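Side chains included, hydrogens not; waters and symmetry mates left out as well; all remaining heavy atoms used. Bear in mind the structure is a predicted one, so any value in this text is a computation, not a measurement.
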Amino acid sequence: MAAIQLASGFFLPMLILIILIAALCTRTDAFGAFVEGGKEGLQLSIALLPYLLGMLVAISVLRASGILDLMTGFFSPVLEKLMIPSDLLPLFLTRPISGSASLGIVAELTNSLGPDHMASKIAAVVQGSTDTTLYILTVYFGAVGIRKMGRALTVGLLADFTGMIAAVMISVWYFGFFS
């Protein structure tokens with residue numbers, strides 16, 4: 001373990017050294033390329049800001065208006081019949097929207113139920129095996145200027161749904177069998 005920590009400490013400086021040596025060998029202006037890359041990154045960040053701001057406002061509206069709680073109450077009976085803890089529903093609803101919000105829900109579940117509770121274990125697997133589809137579509141499609149994202153949204157949400165079902169089934173099998 002100490003060797004891995006030592007190697008990881010040297011990795012970034014060695015990578016930068018290798019890039020500088022490669023630039024010297026190819027007679028490339030490394031500092032000029034670095035400055036140009038920084039300018040492009042800054043322009044891209046400014047271009048993405050309205051999309052990110054819109055998504056963050058939408059998440060805040062969902063939470064503050066109580067729509068998220070209303071949806072949780074609506075779907076809870078169905079989940080209970082499927083023997084899925086209803087505590088996971090806020091995670092299922094927020095995971096495609098925001099990674100930070102869903103991570104907060106996982107942390108809240110772990111703190112309130114304990115890390116050994118089945119809902120906490122399933123939440124951790126769902127968090128690690130699904131993605132933030134709406135965030136990805138907002139950022140990446142916004143970066144290249146794609147405005148029609150209906151099919152990509154449908155496929156992404158379907159993949160999230162499938163990933164959540166698979167995460168629940170595998171978690172119940174694994175933690176139920178090996179615990």
Kindly indicate, with the supporting measurements, whether the criterion side chain to side chain contact (heavy atoms under 4.5 Å, CB included) is fulfilled by Ile170 and Val125. CA-CA 9 Å; Ile170 291 170; Val125 174; 5.7 Å; no
Return the minimal non-hydrogen interatomic distance between Leu157 and Pro96, and the atom names on each side. CD2-CB, 3.8 Å
Heavy-atom pair of closest approach, residues Ala101 and Ser98: N-OG, 3.1 Å
Side chain to side chain contact (heavy atoms under 4.5 Å, CB included), that's the test. Do Leu91 and Val106 meet it? Break it down for me. CA-CA 7 Å; Leu91 176 65; Val106 171; 3.8 Å; yes
What is the distance from atom OG of Ser76 to atom CD1 of Ile84, rounded to the nearest 0.5 Å? 11.0 Å
Which heavy atom of Ser120 sits nearest to which heavy atom of Gly114, and what is that distance? OG-O, 2.8 Å
Any idea which heavy atoms bring Glu80 and Ser86 closest together, and the distance? OE2-OG, 4.1 Å
Spatial distance of atom CD1 (Ile16) from atom CZ (Phe34) [nearest 0.5 Å]: 9.0 Å
Test side chain to side chain contact (heavy atoms under 4.5 Å, CB included) on Val168 and Phe92; report intermediate values, then the result. CA-CA 11 Å; Val168 169; Phe92 292 158; 3.8 Å; yes
Treat each ILVMFWY residue as a node, draw an edge where side-chain heavy atoms are under 4.5 Å apart, and state whether Tyr174 and Val172 are in one component. yes
Using only heavy-atom distances, determine whether the side chains of Thr28 and Thr26 contain a donor-acceptor pair under 3.5 Å. yes
Test log, rule side chain to side chain contact (heavy atoms under 4.5 Å, CB included), inputs Arg95 and Thr132: CA-CA 6 Å; Arg95 181 65 182 145; Thr132 55; 3.7 Å; yes
Side-chain donor/acceptor of Ser8 to backbone N/O of Ile4, under 3.5 Å: yes
Quick one: do Val78 and Leu93 end up in the same hydrophobic cluster if we chain Ile, Leu, Val, Met, Phe, Trp and Tyr together by side-chain heavy atoms under 4.5 Å apart? yes
Hydrophobic clusters here meaning ILVMFWY residues chained together by side-chain heavy-atom distances under 4.5 Å, can you tell me if Phe161 and Ile105 are in one? no
Between CG of Leu24 and CD1 of Ile21, what distance do you get to the nearest 0.5 Å? 7.5 Å
Quick check: closest heavy atoms across Ile122 and Ser171, and the distance to 0.1 Å? CG1-CB, 3.6 Å
Is there a path of hydrophobic side-chain contacts, each under 4.5 Å between heavy atoms of I/L/V/M/F/W/Y residues, joining Leu89 to Ile67? yes
Gap separating the NE2 atom of His117 from the CG atom of Leu109, nearest 0.5 angstrom: 9.0 Å
Return each pair, listed once, that meets salt bridge (Lys or Arg N to Asp or Glu O under 4.0 Å) where at least one residue sits in residues 23-42; pairs must be two or more places apart or across chains. Glu36-Lys39
Is any side-chain heavy atom of Leu79 closer than 4.5 Å to a side-chain heavy atom of Leu88? no
Decide yes or no for Leu103 and Gln127: does some side-chain heavy atom of the first lie under 4.5 Å from some side-chain heavy atom of the second? yes
Tell me whether the count of non-hydrogen atoms from other residues, nucleotides or ligands lying under 6.0 Å of CD in Glu108 goes above 12. no
Under 4.5 Å side-chain heavy-atom separation, chaining through any Ile, Leu, Val, Met, Phe, Trp or Tyr, what else clusters with Met83? Say none if it is isolated. none
Taking C-beta and beyond as the side chain, do Leu153 and Leu134 meet within less than 4.5 Å on heavy atoms? yes
Do Phe31 and Leu17 land in one hydrophobic cluster if side-chain heavy atoms of ILVMFWY residues count as linked below 4.5 Å? no
If every non-hydrogen atom of Ala167 is compared with every non-hydrogen atom of Val126, which pair is closest and at what distance? CB-CG2, 3.7 Å
Are the side chain of Thr130 and the backbone N or O of Met164 linked by a donor-acceptor pair below 3.5 Å? no
Which of Ile136, Leu137, Thr138 passes side-chain contact (heavy atoms from CB on, under 4.5 Å) with Tyr140? It is Ile136
